[in-house]
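In what follows, a structure is listed as C-alpha cells, so that the remarks can point back to it.
Throughout, a chain's letter reflects where its sequence line sits, starting with A, and its residues are numbered from 1.
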2 protein chains.
Amino acid sequence: MVFAGQGDPRRSLSLLWRADAPPPTRGGPGPRPRLSVDAIVAAAVALADEEGMGSLSMRAVGDRLGRTAMALYTYVPGKSELLDLMYDAVHAELPGHEPDSGDWRAALTAWAGEVLEFYVRHPWVLQVSQARPVLGPHEYAGLDTLVTLLRATGLEAGVLRRLVGTLFPFVRGSAQAVADARLAAAATGSSDEEWWAARSAALLELVPDFAERFPAVSGLEAEGPAEPYPGEGTEGAEPVPYPEREARETFRVGLGVLLDGIEAARVGRT
Amino acid sequence: MVFAGQGDPRRSLSLLWRADAPPPTRGGPGPRPRLSVDAIVAAAVALADEEGMGSLSMRAVGDRLGRTAMALYTYVPGKSELLDLMYDAVHAELPGHEPDSGDWRAALTAWAGEVLEFYVRHPWVLQVSQARPVLGPHEYAGLDTLVTLLRATGLEAGVLRRLVGTLFPFVRGSAQAVADARLAAAATGSSDEEWWAARSAALLELVPDFAERFPAVSGLEAEGPAEPYPGEGTEGAEPVPYPEREARETFRVGLGVLLDGIEAARVGRT
DNA sequence: GGACGTTACTTTACGCCGTAAGGAGTCGCA
DNA sequence: TGCGACTCCTTACGGCGTAAAGTAACGTCC
C-alpha cells in the first residue's frame, strides 16, 4: 500500500494543468536548467513501471536522471505532487472518443477492455490513493470519454453519474486482480496451474477440516474447474497462466452482468 | 499507498490458522511472556483504526503496549506478517450466515450493506494489497457467507465464482469512495456542499475553457444536481455530508444494476 | 541451592527514506 | 564587472524496519 495524495492541492493543480509561468523565451539568469518537470515525471513513471511503487524514491528517480534527489525539488514541490503528476501523465493513454457506432454495449465493452489493459500496463496506478481527487486534464479526458459512451444508453443524468462511479472501480478492481495474479506468478516462479494446487495443498495440511468449516467455498472449487479459455492468438502467443486467466474471465463475466443491469435499467425506464 | 503482503507465506499461514505450538501448560524456562500475538494484533488494529495506516509502525505499536519495537519480533516475524494478522482479525466482523430467507436479492443487498459498513469502520483494510492472497480463517468465513447467499440464485458454479470476484471488489470500491469522502471532509474542514463548490471554483479559475474541453462531464454535472437523500433517521442523526451521500448513492445504484444483471442471468439461463 | 540453558525484552546500530538548510557554481543583465 | 537569480550539490535530521548483541528473569537438573 502506498499512501500519497497529500500534496498541496493548489500547487498540484497548477502543475497538472500547466498553469505555471510559461518557459522564458530567452532564458533568465542562472545556469540553464538541464531537467524539466516532464523529464522527471517520465523517469519516475518508467521507474514505477519497471520496478514497482516500492522502488519509487526521490533518490532513485534522481539517479535515473544522473542527478541527486534534491535536484528534483527545484521542479517539483515534493514526492506527493510528483505522484499526482505521474498519475495524470499516464492517464493520457486512456481511450479517447470514437465516432458513435450506435451500439453502446459494444462500445462500453471495448472501452472497459482498453482501460483494463491500461491499468495492467501501469499497475502502480492502482496503488495511488483516490482520497484527494486532484483530477488532472488527462483523467478528466478519460472520464469524458466514458460519460460520452454512457450517454448513448439514453439513461438520465442522475443514474449516469452513478454508473461512472460503478464502472471505473469495477475495471480498477479487475485490473488489480490481473496484476496480482501476475505478481504472484512472478514471485513463485511456478506460473502455472500448480500455483493454486500448491497453495491449497499447504492449506489442507494446516487445516484438515477445511471442507467442513467452509462448505460453500469448497463446493464451489470442486464443482466448476477451469473451462477452456477462448483467448485470441492460440498459436504462437505465450500461454496465459491460470490465475490471470481466471481474473480475466471474472472481468468478462462481471462486465456482462453490469451491462445486463444497464440494459434492464434502460428497458425499465424508457 | 501501503504495500504490505510480502511476508513469508508459510509463517503467515501457520500464524493465521493458529497452527503454532500450543501455549505450554506450565510455562517453560525464561521469564513469563507479558505480551501475546493477540494483544499485539489488537493494539495494531486499534492504532490503524484511530490514526490510519500511515501511523502504523512497529515502534508505535510497541509504545502502545509499553514495550519497544523490537519486543514485537518475539511474537511476530515482521511487519508484513503483522499486517496479515491484522487483516484477518478484523474480518471476523464480516456478516455470517443467516437462515435462508428465500429472497436472494434482499439477502445480497443486506450483505453488501453490512460489508460496506465494515470497510468504512476499518478503512485501512482497503489499503492492504491483495497481491499475495494469504487467506485467513475469518476472510474465508466471509467468503463462505457470500457464496452461500449466491447459491440461492441457482446459477451454475462457473458464473458464481466470477460473481464473487465481482461483488467483493465492488463493495470495496464503494467503501473506498465513502472513506475517501470522509477523509476529504475531515481534511478540509468544510465538510459540506461547499467542498465541491470550492474545488470546481479553483478549477474554473485555472482552466477557463473547462466546459469546452470536457463537454460530457460538464453537462452531467450541470444536469442532475443532488437529489434529496432518503436516509434513515432524518431526525436527530447528524447530517451526512454531500460527498459521502453521493458515494453511498453510487453504491446503492451500482448494486441495483449488478443485481439486475444477476436477475437477467437467472432468467436467461433457467 | 547453585549453575545452566532458555526465553523476553532492551539497547545499539545500519541502511533506507523524505526533505530542510546552506553552499558552490553558472548565467543574464545593470 | 559585478550583482542577483537560478540550478544543483553536500550535509544533516528524524523517521522507518530490523539485524545483532547484551541483560535479566525463570524452570530445570546436579
When you look at A:W111 and A:F168, which way does the ring pair (Phe, Tyr, Trp, His ring centres under 6.0 Å) test go after all the steps?
-> CA-CA 11 Å; A:W111 174 87; A:F168 247 118; 5.4 Å; yes
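- Salt bridge annotation for A:R121-A:E117: absent, with no cationic side-chain nitrogen under 4.0 angstrom from a carboxylate oxygen.
- Centroid-to-centroid, the aromatic rings of A:H138 and A:Y87 stay 6.0 Å apart or farther.
- As rounded to whole Å, 16 Å separates atom C1' of D:dT18 from atom CG of B:L83.
- Legend: side chain to side chain donor-acceptor pair (under 3.5 Å) pairs involving residues 57-73 of chain B, not counting sequence neighbours, sorted by first then second residue: B:E50-B:R64.
- Of the two residues contacting DNA chain C, namely B:L35 and B:G30, the nearest-nucleotide position lying further toward the 5' end is that of B:G30.
- Under 4.0 angstrom from either OP1 or OP2 of C:dC9 there lies no side-chain N or O belonging to B:T74.
- Rounded to whole Å, atom C1' of C:dA8 lies 11 Å from atom CD1 of B:I40.
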Step-by-step ring pair (Phe, Tyr, Trp, His ring centres under 6.0 Å) determination, A:H91 to A:Y140 | CA-CA 9 Å; A:H91 276 78; A:Y140 256 119; over 10 Å; no
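- Atom-to-atom, CE of B:M58 to P of C:dT10 comes out at 13 Å; the value is rounded to the nearest Å.
- Note that CD1 of B:I40 and CE of B:M58 are 7.5 Å apart. Values are rounded to the nearest 0.5 Å.
- Across all strands shown, B:R59 has heavy atoms under 4.0 Å from base atoms, whether or not it also approaches the sugar-phosphate.
- The structure places CE of B:M53 at 11.0 Å from CG of B:L47, a figure rounded to the nearest 0.5 Å.
- A distance of 9.5 Å separates CG in B:L16 from CD in B:E81, rounded to the nearest 0.5 Å.
- Rounded to whole Å, the distance from CG on B:L72 to C1' on C:dT10 is 12 Å.
- Taking atom CZ of B:R32 as the reference point, atom C1' of C:dC9 lies 16 Å away to the nearest angstrom.
- The distance between atom OH of A:Y73 and atom P of D:dT10, rounded to the nearest whole Å, is 16 Å.
- Side-chain N or O atoms of A:D144 include one that pairs as donor or acceptor with a backbone N or O of B:V217 at under 3.5 Å.
- Rounded to whole angstrom, the span from the CG atom of A:L82 across to the P atom of C:dC17 amounts to 14 Å.
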Check nucleotides 22-24 of chain D for protein N or O atoms closer than 3.5 Å to its own N or O atoms and list the pairs.
none

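- With rounding to whole Å, A:M70 atom CE is found 14 Å from C:dC17 atom P.
- Using a 4.0 Å cut-off on heavy atoms, none of the residues of residues 60-67 of chain A approach DNA chain C.
- Using a 4.0 Å heavy-atom distance criterion, A:A71 is classed as a sugar-phosphate-only contact.
- In this structure, A:T68 reaches the D:dC9 phosphate: one of its side-chain N or O atoms is under 4.0 Å from OP1 or OP2.
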